[in-house]
Amino acid sequence: MNILMITGSAHKKGTSSYLADAFAKGAKEAGHAVCRFDAAYKNVHPCIGCDSCQKNGQICVFKDDMQELNPELLKAEVVVFVSPIYYYDINAQIKAVIDRFYANNSLLKGADKKAVLMLTYADETEEAAEGAVASYKGMLKYLEWENVGIVSAKACYVLEDVVNSEYPKQAYKLGKSL
Ligand SMILES: Cc1cc2nc3c(=O)[nH]c(=O)nc-3n(C[C@H](O)[C@H](O)[C@H](O)COP(=O)(O)O)c2cc1C
């Protein structure tokens with residue numbers, strides 16, 4: 001399967017990147033192709049809702065790194081969203097990418113895709129991730145994609161927290177199980 005992983009964090013050696021690596025390891029071992037798009041290191045302009053894409057055959061007014069992502073997004077059978085929690089939600093870098101899905105809405109909605117969500121955050125209760133999980137589930141319901149797993153890594157403020165937790169194993173197993 002073609003797996004597209006979209007990450008949000010700017011921390012290359014951070015908690016969410018560690019989970020992304022574990023997931024990718026499992027998925028590659030299972031024979032899948034994994035394409036990773038690190039949104040924090042890409043040029044992705046926020047959607048301005050001009051609707052030009054809806055009138056001009058999915059062509060966005062912004063010529064940026066979404067041009068690199070879009071073919072991968074369209075061909076992916078599984079899309080993996082990986083983000084740290086910032087103020088009770090996914091971070092802005094990954095949200096900007098998701099909002100730009102709008103240009104390809106008609107192709108993405110109802111497409112036969114599965115999705116995974118992986119979150120890391122400092123709080124010791126899962127309440128901190130409720131907003132992000134609700135947005136993800138709402139988005140999937142709208143797009144008619146199937147959720148195949150959520151890794152919600154609480155009490156993971158810095159790298160060593162996640163390294164010493166059960167979450168990398170969860171992410172690895174999830175990648176391998178696809
Ligand atoms: C701007 C900002 C906002 C944050 N907001 C939250 C929050 O609302 N809840 C929480 O538990 N942790 C919060 N954190 C902590 C991060 O989620 C946590 O450190 C996470 O492991 C960072 O992931 P990364 O290493 O992949 O970047 C915040 C961190 C930053 C920098």
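The analysis underlying the following values was restricted to heavy atoms, covering all of them including side chains, and did not include hydrogens, waters or symmetry mates. When a ligand or atom number is given, it counts from 1 through the structure's own listing order.
Here the heavy atom of the protein found nearest to atom 10 (C) of ligand 1 is A122 N, 3.6 Å. Here the heavy atom of the protein found nearest to atom 26 (O) of ligand 1 is S16 OG, 2.5 Å. Scanning the protein for heavy atoms near atom 23 (O) of ligand 1, the closest one is T15 OG1, 2.9 Å. Nearest protein neighbour of atom 19 (O) of ligand 1, counting heavy atoms only, is Y157 O, 2.8 Å. With hydrogens left out, the protein atom closest to atom 27 (O) of ligand 1 is S9 OG, 2.5 Å, a heavy atom. Scanning the protein for heavy atoms near atom 5 (N) of ligand 1, the closest one is Y87 N, 2.9 Å.
The heavy atom nearest to atom 28 (C) of ligand 1, considering only D89, D123, I85, is found in I85.
By the criterion of a heavy-atom distance under 4.0 Å, the backbone of C156, and not its side chain, is placed next to ligand 1.
Tested against Y121, the residues S152, S83, S16 include a single side-chain hydrogen bond (donor to acceptor under 3.5 Å, both in side chains) partner, S152.
Residue Y121 places no N or O, backbone or side chain, under 3.5 Å from any N or O of ligand 1. Residue Y86 places no N or O, backbone or side chain, under 3.5 Å from any N or O of ligand 1. Inclusion of S17 in the set of residues having an N or O under 3.5 Å from an N or O of ligand 1 is not warranted.
When atom types are taken as modelled, the side chain of K113 and the backbone of V79 share no donor-acceptor pair closer than 3.5 angstrom. Under a 3.5 Å cut-off, the side chain of R100 and the backbone N or O of H45 do form a donor-acceptor pair.
The cationic atom of K12 (NZ for Lys, CZ for Arg) lies less than 6.0 Å from the six-membered ring centre of Y41 and within 45° of the ring axis.
Grouping Ile, Leu, Val, Met, Phe, Trp and Tyr residues whose side-chain heavy atoms lie under 4.5 Å apart, directly or via other members, places M118 in a hydrophobic cluster with M1, I3, M5, Y18, L19, F23, V34, V78, V80, V82, V116, V148, V151, L159, V162, V163, Y167, L174, L178.
For residues 156-166, the pairs satisfying side-chain hydrogen bond (donor to acceptor under 3.5 Å, both in side chains) are E166-Q170, with sequence neighbours left out.
Put simply, CZ on F101 and CG on N70 are 8.5 Å apart, with the number rounded to the nearest 0.5 Å.
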(message) Using the rule given for salt bridge (Lys or Arg N to Asp or Glu O under 4.0 Å), can you reason through E29 versus K176, listing the C-alpha separation, both sets of side-chain angles and the distance that settles it, and then say yes or no?
(response) CA-CA 7 Å; E29 282 177 15; K176 196 146 186 171; 3.1 Å; yes
